[in-house]
Structures are given as C-alpha cells and as structure tokens.
Amino acid sequence: MKITLPDNSSRELPKGSSGYDLAKDIGPGLAKSAIAVTIDGVQRDLHDAIDADASVSIITIDSDEGLEIMRHTLSAQVLARAIKNLYPKSKLAIGPTVQDGFYYDVESNESISSDDLGKIEEEMKKIIKTKSLITKKLVSKKEALKIFKSNKEPYKEIIINESDQDDNFQLYYQDDEEFVDLCRGPHLPNLGFIGSFKLTKVSGAYWKGDSKNSMLTRIYGTAFSNDKDLQNYLDNIEEALKRDHRKLGKEMDLFHFQDEAPGMVFWHPDGWTLYRKLRNFVRDRLKENNYIEVNTPQVIDRKLWEASGHWDKYRENMFITEIDEEHANEKRVNALKPMNCPGHVQIYNQGIKSYKDLPLRYAEFGLCHRYEPSGTMHGLMRVRAFTQDDGHIFCTENQIESETGLFIKFLSTIYADLGFKNFDIKLSTRPEMRVGSDETWDKAEEALEAAIKNLGYPYRIDEGDGAFYGPKLDFVLTDAIGREWQCGTFQLDFNLAERLDASYVGEDGKKHTPVMIHRAVLGSFERFIGILIENYAGKLPFWLSPHQVVVASIISDVNDYSLEIVESLKKEGILAEADLRNEKISYKIREHSNRKVPIILAIGNNEKKDKTVSIRRIGSTDTEVVDLKAAIKQITKENSALQ
RNA sequence: GCUCAUAUAGCUCAGCGGUAGAGCACUUGCUUGGUAAGUAAGAGGUCACCGGUUCAAGUCCGGUUAUGAGCUCCA
C-alpha cells in the first residue's frame, strides 16, 4: 500500500503496517521519538494497523501534538490510576487536556484537597517508573458496559450508553492489566515518554459542565517535556500573581472592597485620580468623534424594564427597590438600572426625529448595577456596580456599515493610546434566549457581517453568543503577558427601538424605526482599570499615573529648591509632590519605587548649585542629571501627549 | 448559585484547648545622608459575626457573611 508523507513523498509498505513500522522505515531516530500518528487527518495510536493507502504523518514527542498526547496519557492513565490506587472507591469521569495542562474529574466520597496533591504526585511517579507499555483492546458496546459495570464506574457506563457506535470501544491497559480506562486515544506507546509534571490545584466541577448535575472533584495538573519548560510555565504563573490588580491595588492604595457592599468598589484618592484621568481621556475622544454625552436615572420603574424585555430575561440579576410602607400610596417596584439603553431611548423619544438627525450618537458614563451570582465576583474584573463607557447610536439601516467602520477606527486609536496595539474581532450570532423574529435576526446578522467584511477586518465567528436583542462584534485585546481580555463591543439591535416606540420621519414622510447600536470601548471602567494595572504591573503610563513626580531632597539644605521645583511642575499641571522627610535618599527611592511613582527627582547640593535635577524613572536604576528648565519642558510634554 | 478552602495588628503571616506573637508600616528620640530598607524606644487586636461543646475556645463543632481557586453564569 502507498503511504503519502506530509512532504508529498510516498513509501510502499506492506498492508497492515503501523505508524511505528513507517517511522522505522524512515529512520531509527524518528522511530525512537515517534509516539502517535495522524492517518488521513485523524490522530491514531502508533501501533494501529494501516489497512489501505493513506496520508500519514508521524507525531513525535517533541511536537505540540506530542506534548498534548503526553498530557492526555498522564491524565487518563497515570493520574486516574493514582487516584484509584489511593481512593479505591472513587469513580472516574473524564480526563481531557486543556490549555497548558490537563485535569481529571472524579466522584469521591473522601474529600481530596490541595494538601493531598503531593501524595497523588508520588503515586503517579511510582506508576511512571514502571515505564509500562500501553496497550489497547477494542471491544463491543456490550463488552465495554460489562467491564465498567463490574468495575463500578457509572460515569464510564453513561459515556458508553450515550455513544452511537456499537463496537470498537477503545480500552487502554498497562502491563499488569490491573487498570483499564475507556478512551478515544491516542496514548503514548509507553510511560517512558512522560516528561516533567506537577499537579496544580483541586476544585469542583459539574458533571458535563451543567450546574443541574452533581459536583465532581477536579484535579488539575500541567506537564512539559522537560523540567526547564515546566519551571518556565510555573514562573509565568508567578508573574501573573505578582501583577494581580487586587494585590497591586492594595499596595498602591487605589481601592478596597468590604463586606457591607460586596462587588462594589470603594475608590481611594489615588484610584479615583486614575479613574478620572481615564474618564477624561475617553470623554475628550467621544467629543471629537461626534458623540453627545447624556445622563439617565439610576432607579427606574419596572414598567420600562418590562417594555424593554429586561424584566423577562434578567429579573434575577437586577437589584430591585421598593418604596417603604410609610409611602404606601406611592408603592411601586423599581429597578436599579442594569443597562443604559432604555434610558437613552427615552431621550431619543422626546420630540420628533427626522432622518436628517441620524446618525445620532448618545454617550453616557452610566453607573449600572447587576446582581451577579456570589461566586462570580473577582476584584475589579467582575463587580456588581460598574460604570460603562456606554453609547447608543440611532441610525438607518444603510448607515450601519459606515458606523461600524467609524467605531472600529475610534476603538483602535483608544486601545493604541492605552498601550494595546493588537486586538481580535469576534462576530457573535443569535443566542437561544432572544427577542425578535428570525427574519429580523437574519437581517441584523447579514448587515453586521457585510459591514465587517466590506471593511476588510479579520474576524472569527462565535455562534450563539450574541446579545438577546441582536448580533454583536466583540473586541478582544492581548495584554503584556499574552492574556486575552474581551473589552469593546458593538451590538446591532433591530428590536429595542421598536419595543420602546422609537421612530424617525424618513425622506418619504413616513414613520420608520431606527436601528440601535449598543457600543462600548473599554467596557467597564472598573474592569478596564484592573486590566491596565495588570498589563503594566502597576507601572502606569506617565499621563495616567495618580502620582507623577516626587521631588526627594537629599539634605534639608535643598528643601527650598525642592519646593520650587514642585511648584513649577504643578503650574504645568503635573501631579508633583515634595518628599522633604529626614530620611536617607535610598529609603525615599525605595518607598516611591514601591508606590510605582513614574519619576523621582533626587535633589542635593550639586543640583541646587547648578539649577539641575537628577531624574530616575520607574523600572530603571539609571539616573540622568538635566537642566531644570529642560526637565520641566520634557515632563510637561510627556504629560500632554494624550491628555 | 455549586464544590473546596480561608478569615488573628494598617499590611504579610505564625500560633491550633490554659493570660494574643513576628516582620514591615505607624509614633517619638538620635541621625543631614548621593539613588531600593540608618538606629533605639513606644503605641497598636472583642482573633469576621452568631450559637454550641468544655472548668477553660483564635484554637474543637454548627450556622451566617465575606474573600480565594475552580465550575456554572455574564444583557
């Protein structure tokens, strides 16, 4: 039979040869590092027989695919077996690979905590040490059910029963055949290929990811081909931990949370300075891009939320208020606004709008409250009260494309100025829970896709992830350590304007319903500030920093000159302060560096005599002595670059 | 909301049945110094909250609240 290799060359091999035979035929080095094969695009075990002409590529242990298979074997053959050895009564569920590692879900009546991970790792090492071969048996559905019934593995039985195949269920064994796992494979040919691994955490996870199902124990691990890669990965996690905005927010005295208001931020003076700087920046950009800023009420009668459809879909997640008993005659149910859009429609609806008024772009830094489930809150990243850089564009159908283009340009300059040069675009289509007819959805999805296509931006499609009122574009940026954050959004809405009776008079003199576009660039200020802190590891760009310059005196003789410098900087709108304390200069440098102050000017007798300053910037230990006037000019320039 | 864990000084944490501890920060004294911690002393806590066991509870048990890691969710 003819085997075609990835480079399009081909080889003749006897029928029934395996991937291993092929690798051996090509060379002994390849045979040594081969662990699996891809046959006509499907990954298979190395020793599976190939029965007919096929395109085959050998998967080696040092490839990305090889690494994933190694992790999979580590999970399904080693971790699973170690758990069964230590907790014989536990029931195995599934053990897939995930980004950077793997996990195994088990049901266990004994609780397994992170303290037990060391013990499980030891057991895994014992299993790996056997360097056992991994062999496969193919059995019928009946046979497979019998085996797992006698092994008391109910989750495996469910998996088999739900499968639509009748035979060829793959069972994997090690040398002693005491452990068996059902698996779609492929696996390593033997345990000798396993590299460096570490179990990382334990948590709960629902069977099949459904919150109605029982909760299983999930054990996470990670594995790499060698110790160095594993250590590198662990160091990256460490780095992310160092950047955690909750830790830095405390250290930099930016904000706090407390029991009485879970999920709601207490902004401290410095945090609020940062917040206002960011808001002013966005506000100026909105003005430049022909948005009109508005403001709408915090508490609105449920009638409006019923009309908008929110009451129906999101009642559970809204903060509800009632007027108390004393004012019984005014008794009515209100909700704290979870969104700004119905409010904006009320403003639009005042007076008659003409097609000449469109597109009309309203913007609001609207404070919204959403009752997020208790387990989902996370520092600034997920809160119950947050301010969106929200906006709604009322336009006609044929303005959709130009509005899409204008928005993407608008968003990309803001991201770039905040230090995020790249972003991805995601197009999300109709979800299951939605309002509006299928015809309307067809129209909206087509319009949005046409707009983005014609503009030539690359995008990927996320089926079923749209808002309940329309399809959307989401903008995902990548931070300094490679993490992705979904921030911007651009949502077409052919429903809400109609539900809330918004209209305009067209050229034909008749009433038409405008298209509404919900859009945000940062998303929420709270979350975005969290992202900024983590992206910059607290070392914010100069113009955003809540403390910009500290003038630190080396001896008290230069206090007057130091204060003079501070005054000059303040005159230029710089946030400058003097540190005249009776402390050593190294002490002051350390303290202000820890606070992430971008610029420290150290002042001693030399500087005073020469009318200079010694500049030290955060993140560097270099110093530079510069003429005072030149320094102020330079600092002022840096500050005004984006303000 | 679910599973597991955690809650002690401003911060980071130790203490795990018998009168509350450390380091840093803070206050005061001495120290005027050249780019990431000068020095000595002092002050600081209803051990998250409610209940139980015990002669005795930060310490053991139950509940509540919040936080953390996941899961589910996110207009």
Side-chain angles (χ1 to χ4, degrees), chain A residues 103 105 107-108 111-115 200-220 244 246-247 250-251 253 256-263 305 308-318 337-342 368 370-379 381-384 386 388 431 433-435 465-470 472 486 489 491 493 496 518 523-524 527 552-559 580-594 600-607 614-616 618 620-625:
Chain A
Y103 64 78
D105 282 349
E107 183 193 295
S108 173
S111 85
I112 302 174
S113 79
S114 51
D115 297 337
T200 48
K201 57 198 164 202
V202 180
S203 70
Y206 298 109
W207 166 237
K208 290 182 164 182
D210 188 332
S211 59
K212 287 195 277 292
N213 288 341
S214 59
M215 180 65 74
L216 306 173
T217 302
R218 175 171 295 179
I219 298 175
Y220 283 91
D244 191 314
R246 294 165 298 186
K247 181 174 129 74
K250 202 176 273 176
E251 283 172 14
D253 196 14
H256 83 272
F257 291 92
Q258 63 186 52
D259 285 14
E260 290 83 352
W305 305 110
S308 70
H310 291 93
W311 192 266
D312 231 25
K313 311 284 178 204
Y314 292 103
R315 158 91 189 76
E316 294 277 288
N317 296 306
M318 287 162 75
K337 69 174 172 186
M339 297 193 82
N340 306 302
C341 36
C368 295
R370 295 180 186 175
Y371 188 79
E372 302 287 0
S374 59
T376 62
M377 264 116 55
H378 182 90
M381 301 300 189
R382 182 99 179 249
V383 286
R384 284 182 176 159
F386 56 93
Q388 294 173 310
M433 186 164 88
R434 60 177 185 259
V435 295
D465 201 36
F468 76 84
Y469 45 68
K472 60 178 180 168
Q486 181 174 316
T489 192
Q491 311 178 344
D493 183 349
L496 190 64
H518 309 244
S524 105
R527 179 161 174 274
S553 61
I554 294 168
I555 56 166
S556 51
D557 289 348
V558 301
N559 284 358
L580 308 179
R581 289 175 303 169
N582 174 14
E583 294 292 351
K584 290 210 154 114
I585 190 64
S586 50
Y587 180 90
K588 296 185 186 179
I589 298 275
R590 178 184 150 80
E591 199 175 86
H592 300 303
S593 296
N594 282 339
I600 299 170
L601 301 180
I603 306 299
N605 277 323
N606 298 338
E607 286 77 9
S614 168
I615 304 180
R616 183 185 164 122
I618 187 84
S620 162
T621 54
D622 296 343
T623 60
E624 191 193 359
V625 178

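Lettering follows sequence order; numbering is per chain, from 1.
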Chemist: So what's U59(B) paired with, Watson-Crick or G-U wobble, going by both distances under 3.5 Å?
Modeler: none

Chemist: Both Tyr587(A) and Ser113(A) contact RNA chain B. Which one's nearest nucleotide lies toward the 5' end?
Modeler: Ser113(A)

Chemist: Search all heavy atoms of Lys588(A) against all heavy atoms of Ala552(A) and return the closest pair with its distance.
Modeler: CD-CB, 3.9 Å

Chemist: Taking the P atom in each of U46(B) and A36(B), what is the distance between them to the nearest angstrom?
Modeler: 39 Å

Chemist: Take the protein atom NE2 of His592(A) and the nucleotide atom P of A37(B), then report the distance between them rounded to whole Å.
Modeler: 14 Å

Chemist: Strictly by Watson-Crick or wobble contacts shorter than 3.5 Å, is anything paired with A5(B), and which nucleotide is it?
Modeler: U67(B)

Chemist: Between A75(B) and C61(B), how far apart are the P atoms? Round to whole Å, please.
Modeler: 41 Å

Chemist: Pick out which of Gln491(A), Lys313(A), His310(A), Arg434(A) makes a side chain to side chain donor-acceptor pair (under 3.5 Å) with Tyr469(A).
Modeler: Gln491(A)

Chemist: Please give, in whole Å, the distance from G68(B) C1' to Met377(A) CE?
Modeler: 12 Å

Chemist: Is the shortest side-chain N/O distance from Arg246(A) to OP1 or OP2 of A69(B) below 4.0 Å?
Modeler: yes

Chemist: Starting at atom CD of Glu251(A), determine the distance to atom P of G10(B), rounded to an integer number of angstrom.
Modeler: 18 Å

Chemist: Would you kindly give the CG-to-C1' distance between Asp105(A) and C2(B), to the nearest whole Å?
Modeler: 14 Å

Chemist: What is the per-nucleotide protein-contact pattern of nucleotides 70-75 of chain B, from the 5' end, where B denotes a base atom under 4.0 Å from a protein heavy atom, S denotes such proximity for sugar-phosphate atoms only, and - denotes neither?
Modeler: BBBBBB

Chemist: Using a heavy-atom cut-off of 4.0 Å across all strands, would you classify Lys250(A) as base, sugar-phosphate, or nothing?
Modeler: sugar-phosphate

Chemist: Quick one: does any side-chain atom of Ser553(A) pair with a main-chain N or O of Val558(A) as donor and acceptor, under 3.5 Å?
Modeler: no

Chemist: Have a look at Gly379(A) and say if it touches a base, only the backbone sugar-phosphate, or nothing, with a 4.0 Å heavy-atom cut-off.
Modeler: sugar-phosphate

Chemist: If the P atom of C49(B) is compared with that of U65(B), how far apart are they to the nearest Å?
Modeler: 16 Å

Chemist: Name the orientation of the base relative to the sugar in G58(B): syn if the glycosidic angle is within 90° of 0, else anti.
Modeler: syn

Chemist: Give the minimum heavy-atom separation between Pro373(A) and Arg384(A), together with the two atoms involved.
Modeler: C-NH2, 4.0 Å

Chemist: Rounding to a whole Å, what distance do you find between Lys588(A):NZ and A36(B):P?
Modeler: 14 Å

Chemist: Salt-bridge test for Asp210(A) and Lys208(A): reply yes if a basic N is under 4.0 Å from a carboxylate O, no otherwise.
Modeler: no

Chemist: In whole Å, what is the span from the CZ atom of Arg581(A) to the P atom of G38(B)?
Modeler: 11 Å

Chemist: Across the strands shown, which category fits Glu607(A) at heavy-atom distances under 4.0 angstrom: base, sugar-phosphate, nothing?
Modeler: base

Chemist: Pick base, sugar-phosphate or nothing for Ile585(A), based on heavy-atom distances below 4.0 Å to the nucleic acid.
Modeler: sugar-phosphate

Chemist: Does any donor-acceptor pair link the side chain of Ser614(A) with the base of U35(B) at a separation under 3.5 Å?
Modeler: yes

Chemist: So do Val202(A) and Ser113(A) actually touch side chain to side chain, heavy atoms under 4.5 Å?
Modeler: no

Chemist: Is there side-chain contact between Tyr314(A) and Met339(A), with heavy atoms separated by less than 4.5 Å?
Modeler: no

Chemist: On a whole-Å scale, what distance lies between the P atoms belonging to G15(B) and G21(B)?
Modeler: 15 Å

Chemist: Between A20(B) and U32(B), how many Å separate the two C1' atoms, rounded to a whole number?
Modeler: 40 Å

Chemist: Quantified in whole Å, what is the C1' atom distance between nucleotide C13(B) and nucleotide G17(B)?
Modeler: 22 Å

Chemist: Please measure how far the C1' atom in A22(B) lies from the corresponding atom in G44(B), and state the result in whole Å.
Modeler: 14 Å

Chemist: Tell me which of Ser556(A) and Asp622(A) sits closer to the 5' end of RNA chain B, going by the nucleotide each one is nearest to.
Modeler: Ser556(A)

Chemist: So which nucleotide does C24(B) pair with, by the Watson-Crick or G-U wobble rule with both distances under 3.5 Å?
Modeler: G10(B)

Chemist: Using the P atoms only, state how far U6(B) lies from C24(B), rounded to an integer number of Å.
Modeler: 29 Å

Chemist: Does the side chain of Leu601(A) come within less than 4.5 Å of Ile615(A)'s, by heavy atoms?
Modeler: yes

Chemist: What is the base-pairing partner of C47(B), counting Watson-Crick and G-U wobble geometry with both distances under 3.5 Å?
Modeler: none

Chemist: Would you kindly check whether a donor in the side chain of Thr623(A) faces an acceptor in the base of U35(B), or vice versa, at under 3.5 angstrom?
Modeler: no

Chemist: Specify the separation, in whole Å, of atom CD of Glu260(A) and atom C1' of U65(B).
Modeler: 10 Å

Chemist: Tell me which nucleotide, if any, is Watson-Crick or G-U wobble paired with U35(B) when both distances must be under 3.5 Å.
Modeler: none

Chemist: Using whole Å, what does the distance between atom P of nucleotide C2(B) and atom CG of Asn213(A) come to?
Modeler: 16 Å

Chemist: Checking only heavy atoms, does the side chain of Asn606(A) share a donor-acceptor pair with the base of G34(B) at less than 3.5 Å?
Modeler: yes

Chemist: So, do Phe257(A) and Met377(A) sit near enough that their side-chain heavy atoms are less than 4.5 Å apart?
Modeler: no

Chemist: Counting only side-chain N and O atoms of Ser374(A), is one of them less than 4.0 Å from OP1 or OP2 of G1(B)?
Modeler: yes

Chemist: Give the minimum heavy-atom separation between Pro338(A) and Trp305(A), together with the two atoms involved.
Modeler: CD-CH2, 3.5 Å

